[in-house]
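Here's the structure, in structure tokens; my notes come after.
Each residue takes its place number in the sequence, starting with 1. Numbering of ligands and ligand atoms starts at 1, following listing order.
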Amino acid sequence: MNRIFSGIQPTGNLHLGNYLGAIRNWVRLQSDYDCIFCMVDMHAITVWQDPKELVSSTREVAAAVLAAGVDPKASIVFVQSQVPGHAQLAWVFNCVARLGWLNRMTQFKDKAGKNRENASVGLFAYPNLMAADILLYKATHVPVGEDQKQHLELSRDIAQKFNNDFGVDLLPIVEPLIFGPATRVMSLRDGTKKMSKSDPSDKSRINMIDDADAIALKIRKAKTDPHLLPETPEGFDGRPEAANLMGIYAALADMAIEDVCARFGGWQFSKFKGELADLAVEKLSLIGTECIRLHNDPGYVDGVLRDGAARASAIAEPILREIYDAVGFLRP
Ligand code: TRP
């Protein structure tokens with residue numbers, strides 16, 4: 001069976017954007033692929049993380065993944081730093097990837113900002129660690145959003161150069177798995193800004209742990225414009241709030257945006273919001289309750305992660321040894 005690897009940064013406060021953009025897709029992949037899902041805490045520390053918060057966010061994100069329906073028996077769910085092969089292979093890839101390749105990464109440029117000199121070396125080498133994540137398991141497919149396509153391309157370049165340099169046919173050239181039109185979930189207070197965990201207004205986002213009342217209230221209070229809802233997506237021009245709310249409906253209902261417009265076009269926002277709130281509560285509130293239940297049972301979550309790390313290591317160790325042999329590292 002084809003193997004999926006995917007990672008999520010454990011940086012807390014998960015919201016609807018994380019759910020629709022990543023976690024929900026993981027749940028759907030489980031039946032068709034052999035799946036390995038990783039909380040990438042080593043990626044998280046490429047920028048400063050408070051140590052206590054990192055521990056709790058790692059549990060929190062794992063809990064959300066489980067609450068959303070990832071089955072830790074069918075799939076492997078684990079924490080990156082618990083499997084040493086990620087760091088070990090990343091070092092090899094630091095020596096395969098070229099500075100010029102990494103210099104082209106747009107995410108580094110965005111994240112480092114003007115003060116490049118002060119960015120961590122880890123932030124620069126981030127895509128090499130990501131390639132290690134994937135290739136340590138010889139994953140064949142990686143579900144990616146738009147923002148990670150360039151990094152995945154780099155994983156392919158690294159695999160190719162490795163195979164070439166060492167004259168082996170060892171590392172697979174991974175394929176991206178793109179999910180339909182990406183759902184870009186925007187802030188409920190400003191349809192032009194991405195929904196974000198760092199927005200000071202909690203009303204701007206639906207958190208995965210929000211209960212039914214909170215979800216309904218935030219949708220009722222969401223920003224609108226004075227017009228009736230458009231009958232086709234062309235009508236979203238200059239109407240980011242309408243686009244966002246109808247887009248969220250489409251994603252939650254698994255409907256095409258055209259069909260959502262056909263159904264609710266000409267409605268007033270207030271009436272549509274009632275429908276959206278009902279749908280969001282139906283789809284999200286049980287996940288939220290389960291998240292909270294798992295938060296209160298950290299022993300269970302830690303156990304799932306420990307088991308996941310053991311199973312991940314069992315796959316990774318022989319592959320890392322093959323790679324070390326190819327490089328010429330003396331066997332112990
Ligand atoms: N870089 C990814 C992100 O920020 C997370 C990630 C790390 C990842 N390793 C990965 C995603 C491997 C897919 C495969 O979203």
So, for Gln30 and Gly69, which heavy atoms are closest and what is the spacing to 0.1 Å?
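In terms of heavy atoms, the two residues are closest at NE2-O, 3.1 Å.
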Looking at every heavy atom in both Met195 and Ser204, which two are closest together, and how far apart are they?
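The pair with the smallest heavy-atom distance is CE-O, 3.7 Å.
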Can you check salt bridge (Lys or Arg N to Asp or Glu O under 4.0 Å) on Asp254 and Arg28, steps first, answer last?
CA-CA 12 Å; Asp254 258 318; Arg28 297 178 168 185; 2.7 Å; yes
Can you list the steps and then say if Ser201 with Asp199 is a side-chain hydrogen bond (donor to acceptor under 3.5 Å, both in side chains)?
CA-CA 5 Å; Ser201 166; Asp199 192 313; 4.8 Å; no
List the protein residues in contact with ligand 1, where contact means a heavy-atom separation under 4.0 angstrom.
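Lining ligand 1 at under 4.0 Å, by heavy atoms, one finds Phe5, Ser6, Gly7, Gln9, Val40, His43, Tyr126, Met130, Asp133, Ile134, Val142, Gln148.
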Which of these passes side-chain contact (heavy atoms from CB on, under 4.5 Å) with Met105: His151, Glu153, Lys111?
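It is His151; the other options fail the test.
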Inspect the surroundings of NZ in Lys109 and state if more than 12 heavy atoms from other residues, nucleotides or ligands are less than 6.0 Å away.
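Correct, the count exceeds 12.
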